[in-house]
Peer 1: 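Attaching a single structure in structure tokens format; questions to follow.
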Amino acid sequence: MKIKFWGVRGSIPCPGPLTTKYGGNTVCLELRFKASDRLIIIDAGSGIRELGNYMMAHDLQKGPIRAEIYLTHTHWDHIMGFLFFTPIYIPGTKIKIYAPVHYEDEPLEHVMGGQLAYRYFPVRHAELASEIKYFDLKEGRFDLGDGITLATKYLNHPVLSLGYRFEYKGKVFCTAYDTEPFQNLFCTDPDDPSYDEVMANEGEQAAKEANDRLEAFFSGADLLIHDTQYTREEYISSKVGWGHSSFEHVIAAAKRTGVKRLALFHHEPVRTDAQMDELTMKYCNPDYAGDTEVFFAKEGMEIEL
Ligand SMILES: [Zn+2]
Ligand SMILES: [Zn+2]
């Protein structure tokens, strides 16, 4: 498998002189396979625009474009680049889009197609020259053919969000973003009038089990790309419940579960190159991360497994 980062930021693109080293586009990953011409794209943030340009220059010469897009979820930063993905305007292109759907009565086609209204964009869905098919995706395990298997796992985010685990030729590549640690949903303060000891203990157990299940999902991965939008300090002070994780939590989980390589990902948009270099010194070394190789994902970076 070969994975390439086309967008690494969360929330909103942040181009400019302070982000040239790590990149300013929102999330998009390209996944290719050695013995197959399958092309899988994960998320359609603003980074997919450059990927589309690359495909127009390189893939189109070999024949009509075929791609599968797996969206982790449909938050704006994960779909905002789709209408600037040039292959969708080329006759003969066939795209399959898979994503979890939060509300069963609101199909994926409407969620994605909702961007194609004149009040947002000058082109309508019917005017796209390509064939686009939509598929709702749930938690499960799927044989994608060509020796590729995919397992999916619900994460902890304000809308349904899926983690992906691809296995190919004995190698494992996982994504787990956008997500934050599962929390006890019941009151844990004995002085609070709503406190109930049984409920509090059950909530604690449920959160632990949910976190254990996610760790088992990415356990032993050759590459894990995980949400690390915040430092622990930032997370605790004001970001609990926003659906993102801290470096400290994620690196500890990766170490515990024998993840070989961990890409810190879904970077906070206000984080500058200089600040990320500083965080690299702190987190990306064996003293802190043990046997897990930890690094900040950068736009343009390629990893072969
Ligand atoms: Zn996001
Ligand atoms: Zn999100």
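Numbering starts at 1 and runs along the sequence shown.
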Peer 1: Establish, from distance only, whether the side-chain atoms of D227 and H157 form a donor-acceptor pair under 3.5 Å.
Peer 2: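 The answer is no; no qualifying pair exists.
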
Peer 1: Tell me, please, which residues at least two apart from E204 pass salt bridge (charged side-chain N to carboxylate O under 4.0 Å, His left out).
Peer 2: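 Counting only residues at least two positions away or on another chain, E204 forms no salt bridge (charged side-chain N to carboxylate O under 4.0 Å, His left out).
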
Peer 1: Salt bridge (Lys or Arg N to Asp or Glu O under 4.0 Å): which pairs involve residues 251-267, sequence neighbours left out?
Peer 2: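 Sorted pair list: E215-R256, D222-K260.
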
Peer 1: Could you point out which residue of L262, I251, V259 forms a side chain to side chain contact (heavy atoms under 4.5 Å, CB included) with H226?
Peer 2: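 Exactly one option meets the side chain to side chain contact (heavy atoms under 4.5 Å, CB included) with H226, and it is L262.
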
Peer 1: Partners of E234 by salt bridge (charged side-chain N to carboxylate O under 4.0 Å, His left out), sequence neighbours excluded?
Peer 2: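 In terms of salt bridge (charged side-chain N to carboxylate O under 4.0 Å, His left out), with neighbours along the sequence ignored, E234 is linked to R271.
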
Peer 1: How long is the gap from CG on D192 to OG on S194, to the nearest 0.5 Å?
Peer 2: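 The OG atom of S194 is 3.5 Å from CG of D192, to the nearest 0.5 Å.
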
Peer 1: Applying side-chain hydrogen bond (donor to acceptor under 3.5 Å, both in side chains) between Q229 and each of R9, E268, H267, report the one that passes.
Peer 2: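 Answer to the side-chain hydrogen bond (donor to acceptor under 3.5 Å, both in side chains) test with Q229 among R9, E268, H267: E268.
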
Peer 1: Could you note down all residue pairs passing ring-ring contact (aromatic ring centres under 6.0 Å, His included) where residues 13-43 supplies at least one of them, sequence neighbours left out?
Peer 2: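 Non-adjacent pairs meeting ring-ring contact (aromatic ring centres under 6.0 Å, His included): F33-Y168.
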
Peer 1: How would you list, by chain and number, every residue that makes a ring-ring contact (aromatic ring centres under 6.0 Å, His included) with F82, sequence neighbours excluded?
Peer 2: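 Partners of F82 under the ring-ring contact (aromatic ring centres under 6.0 Å, His included) test: none.
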
Peer 1: For Y70 and Y98, take the angle between the two ring planes, folded into 0 to 90°, and tell me which bin it lands in: parallel under 30, tilted 30 to 60, perpendicular over 60.
Peer 2: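 Geometry flag for Y98 against Y70: parallel rings.
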
Peer 1: Describe, in one word, how the ring planes of Y230 and H244 are oriented to each other, choosing from parallel (under 30°), tilted (30 to 60°) and perpendicular (over 60°).
Peer 2: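 If you compare the ring of Y230 with that of H244, the planes turn out perpendicular.
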
Peer 1: Does anything in residues 159-177 form a salt bridge (Lys or Arg N to Asp or Glu O under 4.0 Å)? List the pairs, not counting sequence neighbours.
Peer 2: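 Of all non-adjacent pairs touching residues 159-177, those that pass salt bridge (Lys or Arg N to Asp or Glu O under 4.0 Å) are R141-E167, R165-E167.
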
Peer 1: Check R66 against G92 and note the closest heavy-atom contact, atom names and distance.
Peer 2: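 Of all heavy-atom pairs spanning R66 and G92, the closest is NH1-O, 2.8 Å.
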
Peer 1: Applying salt bridge (charged side-chain N to carboxylate O under 4.0 Å, His left out), can you list everything that pairs with K282, at least two apart in sequence or on another chain?
Peer 2: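 With sequence neighbours excluded, K282 shows a salt bridge (charged side-chain N to carboxylate O under 4.0 Å, His left out) to no residue whatsoever.
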
Peer 1: Parallel, tilted or perpendicular: which one describes the rings of Y283 and Y288, with boundaries at 30° and 60°?
Peer 2: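 Aromatic pair Y283/Y288 classed perpendicular.
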
Peer 1: Considering only distance and modelled atom types, tabulate donor-acceptor pairs under 3.5 Å from the side chains of residues 293-300, sequence neighbours left out.
Peer 2:
| residue | atom | partner | partner atom | Å |
| --- | --- | --- | --- | --- |
| E299 | OE1 | N25 | ND2 | 3.1 |
| E299 | OE2 | G24 | N | 2.9 |
| E299 | OE2 | N25 | N | 2.9 |

Peer 1: Among pairs that include at least one residue of residues 109-134, which meet salt bridge (Lys or Arg N to Asp or Glu O under 4.0 Å), considering only residues two or more places apart or in two chains?
Peer 2: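 Salt bridge (Lys or Arg N to Asp or Glu O under 4.0 Å) check on residues 109-134 returns R124-E127, E131-K133.
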
Peer 1: For a salt bridge (charged side-chain N to carboxylate O under 4.0 Å, His left out) check, start with the C-alpha distance between K62 and D37, then their side-chain angles and the critical distance, and finish with the verdict.
Peer 2: CA-CA 10 Å; K62 298 177 213 151; D37 55 5; over 6 Å; no

Peer 1: Who pairs with E304 by salt bridge (charged side-chain N to carboxylate O under 4.0 Å, His left out), at least two apart in sequence or on another chain?
Peer 2: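 Result, salt bridge (charged side-chain N to carboxylate O under 4.0 Å, His left out) vs E304: K34.
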
Peer 1: Which pairs count as salt bridge (Lys or Arg N to Asp or Glu O under 4.0 Å) when at least one residue sits in residues 68-79, sequence neighbours excluded?
Peer 2: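 Checked against salt bridge (Lys or Arg N to Asp or Glu O under 4.0 Å) - neighbours excluded - the pairs reaching residues 68-79 are R38-E68.
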
Peer 1: Residues in side chain to side chain donor-acceptor pair (under 3.5 Å) with H110, at least two apart?
Peer 2: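 In terms of side chain to side chain donor-acceptor pair (under 3.5 Å), with neighbours along the sequence ignored, H110 is linked to no residue.
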
Peer 1: Flag yes if more than 12 heavy atoms outside D291 fall under 6.0 Å of its CG atom; otherwise flag no.
Peer 2: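 Not buried by this count: 12 neighbours or fewer within 6.0 Å.
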
Peer 1: Describe, in one word, how the ring planes of Y54 and H58 are oriented to each other, choosing from parallel (under 30°), tilted (30 to 60°) and perpendicular (over 60°).
Peer 2: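 It falls in the parallel class, under 30°.
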
Peer 1: With rounding to the nearest 0.5 Å, note down the distance linking CZ in F166 to CD1 in I148.
Peer 2: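 Separation between the atoms: 8.0 Å.
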
Peer 1: Going by distance alone, is a donor N or O of one side chain under 3.5 Å from an acceptor N or O of the other, for Y235 and E180?
Peer 2: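 The answer is yes; a qualifying pair exists.
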
